[in-house]
Student: 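Below is one structure. I have some questions about it.
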Amino acid sequence: MTQSLHGDDADLIIRGGRIRTLDPSDTITESLAVRDGVIVALGAEAEALDSRAVIELDGRTAIPGINDAHLHAAWLGARWPHLFFSDTPPEEQPSGRLVSTSEERRSALRRAWALLAELGITSYTEPGIGPGEDDGETGCFGSDMLDTYLELHRERAQTSRVTLLRLFGTIDGESTLDDFERGVRIPAPPSDPRWLAIPGVKIFADGIPPMATAWVDEPYADGTTGGLLTRGEPDARTAFRRMLELASARGLQIAVHATGDRSIAEFLSVLEGLHAQHPTPSGPHYVVHGDLATTEQIARMGRIGAGFAVQPLIAAHTHSWAAMQLGEARLASAWPLAEMLTSDALTTITSDSPVASPDWRLGLDASLALLTAAGATDDAGTRNRLLRSVTVDPARQDGASTWKGSLAIGMVADVTVLDEDPLTPGRDLATIGVARTIVDGRTVFSRG
Ligand SMILES: [Zn+2]
């Protein structure tokens, strides 16, 4: 195919391989031209342009830059190379205060960005930074970290685009309605939304099934059912609902950590009510995790244009642990990735790193295992669907589909170059090398 924007030269031409644009028609092209960070031509039109620089793919495959829609970069940078699910033994896991000074916070972010560039990740969502964590144990989630983000943003030091959600409680813990109400009243600081978008809030509704803290209908083995983490008068449930209403009234995007079917139901019932009252914010509201989402809940999420940010790699790591709490029968319907991906609910596949590895290839391999266990075939179509959940779909979650997530004309030149075509069935994505990462038309990682 040949197409171009006006003008007769380019800053960069990428050519000589297979470029999977992931546009709505799944166009494959062999060359792409970039001017001022934006894709201006594809195919022969791109080849015809004079360019200041050329990148030869040498038969490699280029795809849209990877977007990890739920990754704690500050925490990852502060802990790296120690992940929670890894070979690091418990006694060697970092603990206590990880970053205290501005210099330490800056290096944590820079370390994370270098790592993400190496992995081909060009965008991510930092889910939860704010005043509730100012005295937090790690130092990775407080207001100081937001200031560090803003500082590096103003210095144009970013090599990843960031969507940051504000948090008005503690990470993986409780939040009070008072703190939340005070927090949302303060507007997000100004920033260039293409590099540091601050569109909304993160709320922790419940815990996780393996700890029996997810809020569930059917009791755990010990007879308990978990519950909400929100606090306020007259009760946790009212506080939760009120938080959602406050955020929605201010046009904020809402991401709710919800793993149990009861907490998802509660979120959904409020969203369905709000849906009618308030215009949808730039990015859809969504459930983070959704481990025990039911078929009916997934369909309802799709109907109101909401979604899920899920972590199949964590599911793989915690499967037997969760089995002890949930029992095998309920476990069989947990992590319904296949149902989510075939529903209308927006579904992004994310790492939640540093909980699991930030390597999206491992996440997609774990996803492929879940899908084939549910009866899907490992073919180009299934792999295409998975690849979209780390490119096109996260851009939708960011409310940014008009300018990122695929490699069409007018979109930003965020490109990941892989040694092999990830759509070829029968091989682990983890065996496919990342050769180069390009953000805004600029190479931020190149191997060797
Ligand atoms: Zn998380």
Side-chain angles (χ1 to χ4, degrees), residues 1-23 26-67 110 113-124 152-162 191-197 391-392 395 398 400-422 432-448:
M1 76 177 287
T2 63
Q3 285 177 334
S4 78
L5 286 184
H6 308 294
D8 48 14
D9 62 352
D11 300 326
L12 170 68
I13 289 176
I14 302 171
R15 68 183 183 200
R18 180 190 284 103
I19 300 175
R20 289 197 175 275
T21 65
L22 298 190
D23 70 2
D26 279 320
T27 304
I28 298 173
T29 185
E30 62 294 334
S31 44
L32 170 164
V34 181
R35 192 189 307 132
D36 295 330
V38 171
I39 299 168
V40 292
L42 297 171
E45 295 280 342
E47 292 278 4
L49 297 178
D50 290 326
S51 179
R52 278 174 277 285
V54 174
I55 290 173
E56 297 288 354
L57 292 174
D58 293 325
R60 294 189 178 87
T61 297
I63 59 171
I66 301 296
N67 184 343
R110 286 181 180 280
W113 291 343
L115 172 65
L116 299 182
E118 238 174 82
L119 293 170
I121 296 168
T122 60
S123 286
Y124 66 86
L152 290 168
H153 170 65
R154 289 177 193 130
E155 291 168 24
R156 297 173 180 273
Q158 289 174 251
T159 53
S160 306
R161 302 181 193 275
V162 179
S191 58
D192 173 357
R194 288 208 172 194
W195 285 98
L196 179 61
T391 53
V392 177
D398 289 338
S401 319
T402 54
W403 61 272
K404 70 173 182 180
S406 62
L407 300 177
I409 288 176
M411 308 292 267
V412 291
D414 294 357
V415 184
T416 299
V417 180
L418 303 173
D419 288 337
E420 310 283 341
D421 186 353
I432 300 176
V434 174
R436 185 186 288 266
T437 306
I438 298 164
V439 179
D440 213 44
R442 187 168 66 91
T443 293
V444 296
F445 167 75
S446 171
R447 190 190 51 214

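All heavy atoms count here, side chains included; hydrogens, waters and symmetry mates do not. Note that the structure is predicted; figures quoted are calculated from it, not measured.
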Student: Quick check for you: to the nearest 0.5 Å, what is the distance between L418 atom CG and I432 atom CD1?
Tutor: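 CD1 of I432 is found 6.5 Å from CG of L418.
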
Student: Compare all side-chain heavy atoms of I55 with those of T443 and state whether any distance is below 4.5 angstrom.
Tutor: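 SC-SC contact between I55 and T443 confirmed.
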
Student: Over all heavy atoms of both residues, which pair between S160 and Y124 is shortest? Give the atoms and the distance, please.
Tutor: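 Scanning both residues completely, I find the closest heavy atoms to be CB-CE2, 3.7 Å.
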
Student: Nearest heavy-atom pair of N67 and A395: which atoms, and what distance?
Tutor: ND2-N, 3.9 Å

Student: Evaluate side chain to side chain contact (heavy atoms under 4.5 Å, CB included) for D440 paired with W195, printing each intermediate quantity in order.
Tutor: CA-CA 10 Å; D440 213 44; W195 285 98; 3.7 Å; yes

Student: To the nearest 0.5 Å, how far apart are NE2 in H153 and CZ in R161?
Tutor: 11.5 Å

Student: Regarding R20 and T61, is there a side-chain donor-to-acceptor distance under 3.5 Å anywhere?
Tutor: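 Distance-only check fails for R20 and T61.
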
Student: Apply side chain to side chain contact (heavy atoms under 4.5 Å, CB included) to the pair T416 and I66, showing each step before the final yes or no.
Tutor: CA-CA 7 Å; T416 299; I66 301 296; 4.2 Å; yes

Student: Rounded to the nearest 0.5 Å, how far apart are OG of S406 and CG of D414?
Tutor: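 It is 10.5 Å, given to the nearest 0.5 Å.
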
Student: Compare every heavy atom of A157 with every heavy atom of R110, then report the nearest pair and how far apart it is.
Tutor: NH2-CB, 3.8 Å

Student: Between R60 and D419, is the closest basic N to carboxylate O distance under 4.0 Å?
Tutor: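 Looking at R60 together with D419, the answer is yes, because their closest N to O distance falls below 4.0 Å.
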
Student: Taking it one step at a time, do D398 and W403 satisfy side chain to side chain contact (heavy atoms under 4.5 Å, CB included)?
Tutor: CA-CA 11 Å; D398 289 338; W403 61 272; over 6 Å; no

Student: Please give me the minimum heavy-atom distance between M411 and S401, naming the atom from each residue.
Tutor: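 Scanning both residues, the minimum pair turns out to be CE-O, 3.3 Å.
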
Student: Please list, chain by chain and in numerical order, all residues satisfying side chain to side chain contact (heavy atoms under 4.5 Å, CB included) with S31, sequence neighbours excluded.
Tutor: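 Only R15, A46, E47 meet the side chain to side chain contact (heavy atoms under 4.5 Å, CB included) criterion with S31.
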
Student: Can you find a heavy atom in the side chain of T159 that is under 4.5 Å from one in the side chain of R442?
Tutor: yes

Student: Atom CG of L116 and atom CZ of F445: how far apart are they, to the nearest 0.5 Å?
Tutor: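 It comes to 12.0 Å.
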
Student: So, using side chain to side chain contact (heavy atoms under 4.5 Å, CB included) as the criterion, who are the partners of V415 when residues are at least two apart?
Tutor: I14, A62, L407, V417, I438

Student: Looking only at atom types and distance, does a side-chain atom of D36 sit under 3.5 Å from a main-chain N or O of V38, one as donor and one as acceptor?
Tutor: no

Student: If every non-hydrogen atom of P64 is compared with every non-hydrogen atom of T391, which pair is closest and at what distance?
Tutor: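 What the structure gives for the nearest pair is O-CG2, 3.6 Å.
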
Student: Say whether, by atom type as modelled, one donor and one acceptor occur between the side chain of T29 and the main chain of G43 under 3.5 angstrom.
Tutor: yes

Student: Let me confirm one number: the CG-CG distance from L42 to D23, rounded to the nearest 0.5 Å.
Tutor: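 Answer for the CG-CG pair, L42 versus D23, is 8.5 Å.
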
Student: Give, for atom CG of L196 and atom CD of Q158, the distance between the pair rounded to the nearest 0.5 Å.
Tutor: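 One finds 5.5 Å between CG of L196 and CD of Q158.
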
Student: Using the side-chain contact (heavy atoms from CB on, under 4.5 Å) definition, which of the options D9, I13, L12 pairs with R52?
Tutor: D9

Student: L57 and R18: which non-hydrogen atoms are nearest, and at how many Å?
Tutor: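 Minimum heavy-atom contact is CD1-N, 4.3 Å.
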
Student: Does the pair T21 and I39 meet the rule for a side chain to side chain contact (heavy atoms under 4.5 Å, CB included), with working shown?
Tutor: CA-CA 11 Å; T21 65; I39 299 168; over 6 Å; no

